[in-house]
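This report refers to the structure that appears directly beneath it.
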Amino acid sequence: MLDTTAYLSIKKTLPSEVTLVAVSKTKTVEDILTIYACGQRIFGENKVQEMCSKFETLPKDIEWHLIGHLQSNKVKYIAPFVSLIHAVDSFKLLEEINKQAQKNNRIIKCLLQVYIAEEESKFGLDYQEVEQLIYSKDFALLQNIEITGLMGMATNTDERKIVENEFTKLAQFYQKLKAAISLNNCNFTTLSMGMSNDYHIAIACGSNMIRVGSSIFGSR
Ligand SMILES: *Cc1c(COP(=O)(O)O)cnc(C)c1O
């Protein structure tokens, strides 16, 4: 059985305002149930199919967060139950989420993924693109989504300064938008940044949601 020591010690040291998403991708239903038995209710997955099959099998009071890249044609599978989509990176995707949310008669919470790392990546919006999207006329028409904040991933490096810089910039941008935006479909409450290797830094920089996988479940 999965050793829960690491999970319990992370939980114990976490400030109360920080929400822990236990990233269970590739991990078994048994391992998830072990962490569930410790009280954890929020789990993160990065693949649609895997999240759907785990949703079917596992207790219904689990909140499922999709943390990975999402393709528009797969939104329909998660729309009935997903509780937060972390990695929205285009208006087209947002439109599809809105459409599927409407079909399911619900509002789906989303975070915009901001590209903050040095590495080349296909995913995420830059700061300017986030503002363009949020302040566009078309965006204001989407009534079945709610943007609850931003998500970002720092450069994968041991150089603390680089990571700190990236997280700090994102946190400042988040605070700026939070103060400025007054749209019906935006309610900024959540800054999702920090994973196993860098969540301590992320919290120090203002994160209030961390996505931790390997430190809880072991390496993948
Ligand atoms: C896998 C993953 C995580 C968790 O990574 P760990 O290093 O195992 O904590 C966090 N966020 C995203 C987007 C991921 O894909």
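Atoms within each ligand, like the ligands themselves, are counted from 1 in listed order.
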Practice item. Give a yes/no verdict on a cation-pi contact between K12 and Y7, requiring under 6.0 Å between NZ or CZ and the six-membered ring centre and an angle within 45° of the axis. Key: no
Among all protein non-hydrogen atoms, which one is nearest to [atom], and what is the separation to 0.1 Å?
{"atom": "atom 7 (O) of ligand 1", "value": "S214 OG, 3.6 Å"}
{"atom": "atom 10 (C) of ligand 1", "value": "M195 SD, 3.3 Å"}
{"atom": "atom 9 (O) of ligand 1", "value": "S196 OG, 2.5 Å"}
{"atom": "atom 13 (C) of ligand 1", "value": "I67 O, 3.6 Å"}

Point to revise | Donor-acceptor side-chain pairing of S136 and D138 below 3.5 angstrom | key: no
Check your understanding: Is there a heavy atom in V212 that sits closer than 4.0 Å to ligand 1?
Key -> yes
**Study point:** Contacting atoms of ligand 1, where contact means under 4.0 angstrom from a heavy atom of G213
**Key:** 4 (C), 6 (P), 8 (O), 9 (O)
Review point. Under 3.5 Å, N or O to N or O, is M153 touching ligand 1 that way?
Key: no
Practice item. Flag the pair L84 / E63 as yes when at least one side-chain heavy-atom distance between them is below 4.5 Å, and no otherwise. Key: no
**Study point:** Option from I42, I216, I67 for which side chain to side chain contact (heavy atoms under 4.5 Å, CB included) with V23 holds
**Key:** I67
Check your understanding: Using 4.0 Å as the upper bound for N to carboxylate O, is an ion pair formed by E95 and K92?
Key -> no
Exercise for review: Pick whichever of R211, R220, K25 has a heavy atom sitting closest to atom 14 (C) of ligand 1.
Suggested key: K25
Check your understanding: Taking N208 for the side chain and L191 for the main chain, is one N or O donor matched with an acceptor at less than 3.5 Å?
Key -> yes
